[in-house]
Amino acid sequence: MNYEQKAYQEAQRWLVKTEKNEGLFYKKSKQMQNVWNKKIPQRFHQIVTESIKKMIQLSITSSEYIYKISVDDQWDLEEREKKIADRFEYYKKTAMFEGASTGAGGLFLGMADFPLLLGIKMKFLFDLGQLYGFDVKKHEERMFLLHLFFLTYSRDKKKQEVLHIVKNWDRFKWKFEEVDWYHLQQEYRDTLDVVKLFQLIPGFGAVVGVWANARLLEQLKETAMNASRLRIMNDNN
């Protein structure tokens, strides 16, 4: 079995796992989430919401996250994914360092971590898109990357809605006006609130910051790579 076959098998396993409904576990965690939300400073919620709005705007309208990367059209999938792995390690280390630095500073620096981490994630996504051969200067490709972002951090029903769009991108890529950004923002915020609360604790927050930021980047890498593999496979077919 060659590299491409193994990669696409891995993508299919990821798809089966992602299509499963989180059910009872999701409901219980959501109840816990609502309790913790009341303990998080309102200022944190405001920073999260504004940061996501700015991230979406920059992703769609500017070149803020585009770093010119040398890509050879003749690269096969294995070579492209080696390059992606290298870029991921760079961004992961950056996120871990940033999480440790801001987490050690308690409340105010802990809140500053959020927009910084968002920027790291989006820069990695745009690098990944270029290395897979997507023209990230095009609006529809930027929208695809945004959907990969929200697919990573959404849950239950909303995750299935985003997954359906990603799986059928050729049909949905022109329907920008149908994207429910507001609820996607809330999904992302709810996914992160609890872990970020612990990062606001001085001293302890540094440990949480390193672990949380690394884990959040790993989740993004898994989703973005497997969804992109499936798209490439569909395009080739």
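One-based numbering along the sequence shown.
The minimum heavy-atom distance linking Arg80 with Asp73 is given by the pair NH2-O, 3.4 Å. Taking each heavy atom of Met143 and His147 in turn, the nearest pair found is O-ND1, 2.8 Å. Taking every heavy atom of both residues into account, Leu220 and Leu148 meet most closely at CD1-O, 4.4 Å. When all heavy atoms are compared, the tightest approach of Lys221 to Phe124 is CA-CE2, 3.9 Å. When all heavy atoms are compared, the tightest approach of Glu81 to Ala7 is OE1-CB, 4.4 Å. Pairing each heavy atom of Lys20 with each of Gln160, the nearest pair is O-NE2, 3.8 Å.
Looking at heavy atoms from C-beta onward, Ile232 lies in side-chain contact with Tyr8 at the 4.5 angstrom threshold. Side chains of Asp86 and Tyr90 form no contact here, defined as non-hydrogen atoms less than 4.5 Å apart. Taking the side chain as every heavy atom from C-beta outward, Glu141 and Gln130 never approach each other to under 4.5 Å. Annotation: side chain of Phe88 is not in contact with side chain of Met225 (no heavy-atom distance under 4.5 Å). For the pair Met55 and Lys121, the minimum side-chain heavy-atom distance is 4.5 Å or more.
In the model, Arg231 has no side-chain atom that pairs as donor or acceptor with a side-chain atom of Asn234 under 3.5 Å. A donor atom on one side chain and an acceptor atom on the other are found under 3.5 Å apart for Lys123 and Tyr67.
If you take CZ on Arg142 and CD1 on Ile56, they are separated by 14.0 Å, rounding to the nearest 0.5 Å. Remark: Leu125 CG to Arg87 CZ distance equals 13.0 Å, nearest 0.5 Å. In this structure, CZ on Arg215 lies 9.5 Å from NZ on Lys92, to the nearest 0.5 angstrom.
Taking 4.0 Å as the cut-off between side-chain N and carboxylate O, Glu161 and Lys158 count as a salt-bridged pair.
Of the possible polar contacts, none joining the Tyr153 side chain to the Gln219 backbone as a donor-acceptor pair under 3.5 Å is found.
Remark: Lys82 is not positioned above the aromatic ring of Tyr3, lacking an NZ or CZ atom under 6.0 angstrom from the ring centre and at most 45 degrees off the axis.
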Practice item. Step by step, work out the salt bridge (Lys or Arg N to Asp or Glu O under 4.0 Å) result for Lys54 and Glu64. Key: CA-CA 11 Å; Lys54 183 178 180 181; Glu64 178 78 15; over 6 Å; no
Practice item. Would you check, one step at a time, whether the test side chain to side chain donor-acceptor pair (under 3.5 Å) holds for Tyr91 with Asp127? Key: CA-CA 10 Å; Tyr91 285 116; Asp127 285 4; 2.8 Å; yes
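Ring geometry, Phe134 versus Phe144: the interplanar angle exceeds 60°, so the pair is classed perpendicular (tilted spans 30 to 60°).
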